[in-house]
> 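Take this structure first; my questions come after.
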Amino acid sequence: MIDISGLNSQQHEAVTTISGPSMILAGAGTGKTRVITYRIGHMIDQGIQPEQIVAMTFTNKAAREMKERLISLVGSHGKGIMVGTFHSFCIKILRRFAEEADLDPRFSLAGTSDQLDLVRRSLEEKGWHGLYKPDDILSRISRAKNALLIPETMLEEALQAKFEDEDLSFLKEVYQLYERQLKLNRVIDFDDCILKTALVLRRRSDVLERLQGEYTHFLVDEFQDTNFAQLSILELLAGKLNNICVVGDDDQSIYSWRGAMVETLDRFENIFKGTKLIKLEQNYRCTNVILNAANNVIKNNQGRKDKTLWSKSQSEEYITLTSKRDDGEEARWIAQKCFGLLGQGYRPKDIGILYRANSQARSLETALRERNLVYKVYGGSSFFERKEVRDFLAYFKLSLDPHDRMSFWRVINTPSRGVGLKTLERIEERSKELKISPFEVLVRNEVKLVGKANDAVGQFVKDVQSQSKWPIIHIDDLEKRGGEIIKAFGLEDDIRQKTSHEGAKKRKLESLKKLPEWIKGIGENQVEERGSLNILDLLDQLTLSDDKSGKNDKGPENHISLMTIHASKGLEFPAVFVCGIEDDLLPHKNSIDCPMSVQEERRLFYVAITRAKVKLHLSFARERFSNFQKQDRKPSRFLKELPKTGVVTDTELQSLNHLTSEQDRRERNAKRLSRLRDSIKGGFS
DNA sequence: GCAAGGCTGATTTTT
DNA sequence: TCAGCCTTGC
Ligand SMILES: Nc1ncnc2c1ncn2[C@@H]1O[C@H](COP(=O)(O)OP(=O)(O)OP(=O)(O)O)[C@@H](O)[C@H]1O
């Protein structure tokens with residue numbers, strides 16, 4: 001039996017209400033995630049089988065954390081619970097019911113750069129190439145998919161779905177072309193994981209009924225960030241038994257650009273009749289100083305749901321607000337403070353450094369490295385999206401299945417084999433005519449090549465065939481295949497030849513060399529987790545994974561965490577730095593002119609503040625490198641919304657004058673000095 | 001018809 | 001800084 005005596009009465013009620021629909025609406029740090037975890041534990045105590053339970057989280061990191069907490073709470077049968085993101089849950093369903101979902105069972109998951117390639121190809125088909133920006137098109141298609149719209153019916157359904165676009169009929173056309181490309185290349189994209197699952201559940205009652213029988217209880221964390229397509233899946237799966245519990249906070253809705261809508265919370269109550277609404281009010285995370293600041297900021301938003309939020313935790317610890325000359329200075333200041341915190345007994349993992357945009361990580365990394373501090377950057381440009389890694393993986397996939405078009409087009413002329421645009425067109429034409437894969441076109445010599453190109457392509461075909469001949473059965477085969485690919489296709493020479501910058505060349509060669517071992521490591525993890533090796537799943541995992549580092553380090557992690565505010569949702573740290581709090585960054589320049597978007601940016605600031613348990617350090621720079629130019633920066637408008645008490649302003653900070661009286665400032669400075677002395681004393685003891 | 005090298009414009013947030 | 005795109009030379 002799990003011990004639920006430590007819960008407060010509202011939490012207790014939420015945990016013990018296990019049948020029927022319930023919605024927990026509560027502010028930051030009130031124990032929403034804790035309620036989910038304990039509720040699952042309680043359900044298992046009540047005899048519900050772990051395999052019947054599905055818990056959705058928003059990020060992979062949150063899923064891992066919840067799984068760990070569950071296992072420590074209920075023991076090893078916690079392993080049977082389906083805890084994951086919507087995407088990972090859905091792709092499992094699609095793999096299992098591929099045929100019912102009208103998918104080739106060997107489909108794979110396209111990463112962001114694959115998606116962009118396919119959009120480019122779609123645009124080229126119509127000669128629209130150059131007229132539109134592929135990433136703009138992609139995000140418009142993505143929004144349509146999140147609203148559960150498909151090209152065939154989107155014009156009629158757009159209005160009802162409250163879907164808006166600057167040019168719907170144009171979007172319909174590119175969306176259709178893009179879908180054709182996906183299908184042709186036998187891939188699905190991120191949004192398809194959700195969309196195709198919703199569609200198969202809608203269209204195939206046999207699939208729906210089977211899943212309804214297997215999964216009887218649903219829990220969703222961060223429900224405010226659920227989009228329409230995801231809500232539909234919940235509606236379908238949980239709609240029969242109505243055992244569903246969602247937790248959320250409208251003030252932490254920060255993913256509207258991914259289709260999350262405020263109305264989702266209200267819609268839930270309409271879909272699941274008789275929803276029990278539970279509110280949690282006590283924050284167990286932050287000191288009252290921090291909570292007061294957070295409340296002061298967020299109260300400037302309009303149309304909020306009514307919530308009370310208080311904390312027992314009294315603190316002498318002030319929030320600090322610091323201004324530095326530029327982003328480098330800001331980063332060095334943060335690194336210095338981190339160093340001091342470690343001296344005071346804080347562990348690296350107690351510290352989180354948060355920012356608006358991934359690009360801000362760079363200067364922070366430099367500064368932390370200078371002080372030899374252990375850190376990890378979460379998110380950011382993915383290791384898998386790097387060219388040399390994508391090339392390698394394409395060869396790898398081609399060796400698993402030579403008819404894989406997506407991979408074929410990617411590598412047929414990498415390294416250069418004398419195959420250019422014209423030859424590619426001829427291959428594609430032939431492939432269409434004969435209804436065979438482009439690789440098969442080459443095998444059958446259906447396209448005449450001459451001289452060097454002929455030799456090189458002949459060798460390519462032979463090499464791919466000889467790799468695809470032997471199956472990958474054991475984990476060691478992964479490494480072996482990887483090594484042989486690099487050798488057979490001359491990937492090292494390709495890098496040596498194409499990279500002019502020496503440093504970059506070295507780095508790329510080194511990461512290439514590590515790839516075979518790396519892919520083996522991922523295979524090992526998979527076998528450890530589920531006892532067997534499945535390569536399709538392994539490739540899915542690679543694309544969905546949030547570990548962009550390309551390292552597979554195991555064991556307890558103890559490092560300073562660097563991440564965007566978006567990625568920090570649901571997490572907490574004893575000490576938090578929020579940096580770059582400037583207009584045009586937070587709120588971001590693309591959002592600053594639209595009041596609704598500014599509100600979302602304010603929620604982002606609110607999320608950032610409420611990640612901190614005890615120490616909160618805010619900072620901004622007066623000058624920053626952006627667009628590869630020095631730019632003058634202004635402190636964020638949100639800083640004026642901080643309370644006058646509890647926030648200490650750095651002496652260097654002149655530009656913000658809401659701290660009025662001179663005496664006030666002297667007092668604060670005295671306090672600050674004494675604390676500084678303490679921290680120095682601590683730092684070197 | 002192909003490959004190499006210069007030019008330009010882009011960095012919001014994630015699965 | 002870097003990658004995609006376009007021009008030029010072979
Ligand atoms: N009843 C309780 N007693 C002691 N500590 C608690 C209690 N409830 C929650 N906490 C602690 O409060 C902190 C915040 O909890 P949790 O992360 O579940 O909040 P949350 O509502 O999910 O936050 P967020 O809105 O930021 O996602 C955690 O450290 C948790 O252990």
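Bear in mind the structure is a predicted one, so any value in this text is a computation, not a measurement. So that the names make sense, note that chain A is the first sequence line, chain B the second, and so on, each numbered from 1.
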> Going by atom type alone, with no hydrogens or angles, which donor-acceptor pairs under 3.5 Å involve a side-chain atom of residues 560-567 of chain A and a protein atom two or more places apart or on another chain?
residue: A:Thr564; atom: OG1; partner: A:Ala567; partner atom: N; Å: 3.1
residue: A:His566; atom: NE2; partner: A:Ile254; partner atom: O; Å: 3.0

> What is the distance, to the nearest angstrom, from the CG atom on A:Asp191 to the C1' atom on B:dT14?
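Whole-Å distance recorded here is 10 Å.
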> CZ of A:Arg202: more than 12 outside heavy atoms within 6.0 angstrom?
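Counting other residues, nucleotides and ligands, CZ of A:Arg202 stays at 12 neighbours or fewer.
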> Is A:Gln497 close enough to B:dA4 that one of its side-chain N or O atoms is under 4.0 Å from OP1 or OP2 there?
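Yes, because at least one side-chain N or O of A:Gln497 sits under 4.0 Å from OP1 or OP2 of B:dA4.
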> With a 4.0 Å limit, can you tell me whether A:Asn358 has a side-chain N or O closer than that to the phosphate oxygens OP1/OP2 of B:dT13?
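The answer is yes; a side-chain N or O of A:Asn358 sits under 4.0 Å from OP1 or OP2.
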> Would you mind telling me which of A:Leu177, A:Asp135, A:Leu138 makes a side-chain contact (heavy atoms from CB on, under 4.5 Å) with A:Val119?
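So, applying the side-chain contact (heavy atoms from CB on, under 4.5 Å) to A:Val119 and each of A:Leu177, A:Asp135, A:Leu138, only A:Leu138 qualifies.
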> Establish, yes or no, whether a centroid distance under 6.0 Å links the rings of A:Tyr215 and A:Phe89.
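Yes, they do, as the ring centres are separated by less than 6.0 Å.
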> Among B:dT15, B:dT11, B:dT13, which is the nearest nucleotide to the side chain of A:Thr112?
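Nearest listed nucleotide: B:dT15.
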> Can you check the A:Phe58 CZ to B:dT15 P distance for me, whole Å?
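These atoms are roughly 8 Å apart.
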> For A:Leu421, report the nucleic acid contact type (base, sugar-phosphate, nothing); a contact means any heavy atom under 4.0 Å.
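The residue A:Leu421 makes sugar-phosphate contact but no base contact.
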> From C-beta outward on A:Asp135, which listed nucleotide comes closest to its side chain: B:dT11, B:dT15, B:dT13?
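Looking only at side-chain atoms, A:Asp135 lies closest to B:dT11.
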> What is the nucleic acid contact for A:Asp225, judged by heavy atoms within less than 4.0 Å: base, sugar-phosphate only, or nothing?
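No contact.
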> Measure from the ring center of A:Phe577 to the ring center of A:Tyr355 and say whether it is less than 6.0 Å.
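Ring centres of A:Tyr355 and A:Phe577 not closer than 6.0 Å.
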> Looking only at atom types and distance, does a side-chain atom of A:Asp104 sit under 3.5 Å from a main-chain N or O of A:Arg186, one as donor and one as acceptor?
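No; judged by distance alone, with no hydrogens or angles, the pair does not exist.
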> Whole Å only: how far is the NE2 atom of A:His588 from the P atom of B:dT11?
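Rounded to the whole Å, the gap is 10 Å.
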> Identify the pairs formed between an N or O of the protein and an N or O of nucleotides 1-10 of chain C at a distance under 3.5 Å, and give each distance.
none

> Below 4.0 angstrom from OP1 or OP2 of B:dT15, is there any side-chain N or O of A:Thr543?
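A:Thr543 to B:dT15 OP1/OP2: no side-chain N or O under 4.0 Å.
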> Between the base of B:dT15 and the ring of A:Phe86 - centre-to-centre under 5.5 Å, planes within under 30° - is that a stack?
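A:Phe86 vs B:dT15: stacking no.
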> Can you tell me if A:Asn146 touches the phosphate of B:dT15, counting only side-chain N or O atoms and a distance under 4.0 Å to OP1 or OP2?
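Indeed not, no polar side-chain atom of A:Asn146 lies that close.
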> Do the side-chain N or O atoms of A:Ser88 get closer than 4.0 angstrom to the phosphate oxygens (OP1, OP2) of B:dT15?
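No, outside the criterion.
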> May I have the distance from A:Leu544 (atom CG) to B:dT14 (atom P), rounded to whole angstrom?
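Value for this atom pair: 15 Å.
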> Base, sugar-phosphate or nothing for A:Ser359? Non-hydrogen atoms, less than 4.0 Å.
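Base contact.
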> State which of B:dT15, B:dA3, B:dC2 makes the closest approach to the side chain of A:Thr85.
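That would be B:dT15.
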> Which nucleotide in the set B:dA4, B:dT15, B:dC2 lies at the smallest distance from any side-chain heavy atom of A:Ser416?
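Within the option list, the nearest is B:dA4.
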> What verdict does the side-chain hydrogen bond (donor to acceptor under 3.5 Å, both in side chains) test give for A:Ser363 and A:Glu330, after you've listed the backbone C-alpha separation in whole Å, the side-chain angles of each residue and the deciding distance to 0.1 Å?
CA-CA 9 Å; A:Ser363 46; A:Glu330 183 188 31; over 6 Å; no
> Pick from A:Gln599, A:Arg603, A:Arg602, A:Arg304: which one makes a side chain to side chain donor-acceptor pair (under 3.5 Å) with A:Asp251?
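Passing option: A:Arg304.
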> Which nucleotide in the list B:dA3, B:dT14, B:dG1 gets nearest to the side chain of A:Tyr255?
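Nearest to the side chain of A:Tyr255 among the choices is B:dT14.
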> Would you mind telling me which of B:dC2, B:dT13, B:dT15 lies closest to the side-chain atoms of A:His566?
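Looking only at heavy atoms from C-beta outward on A:His566, the closest nucleotide is B:dT13.
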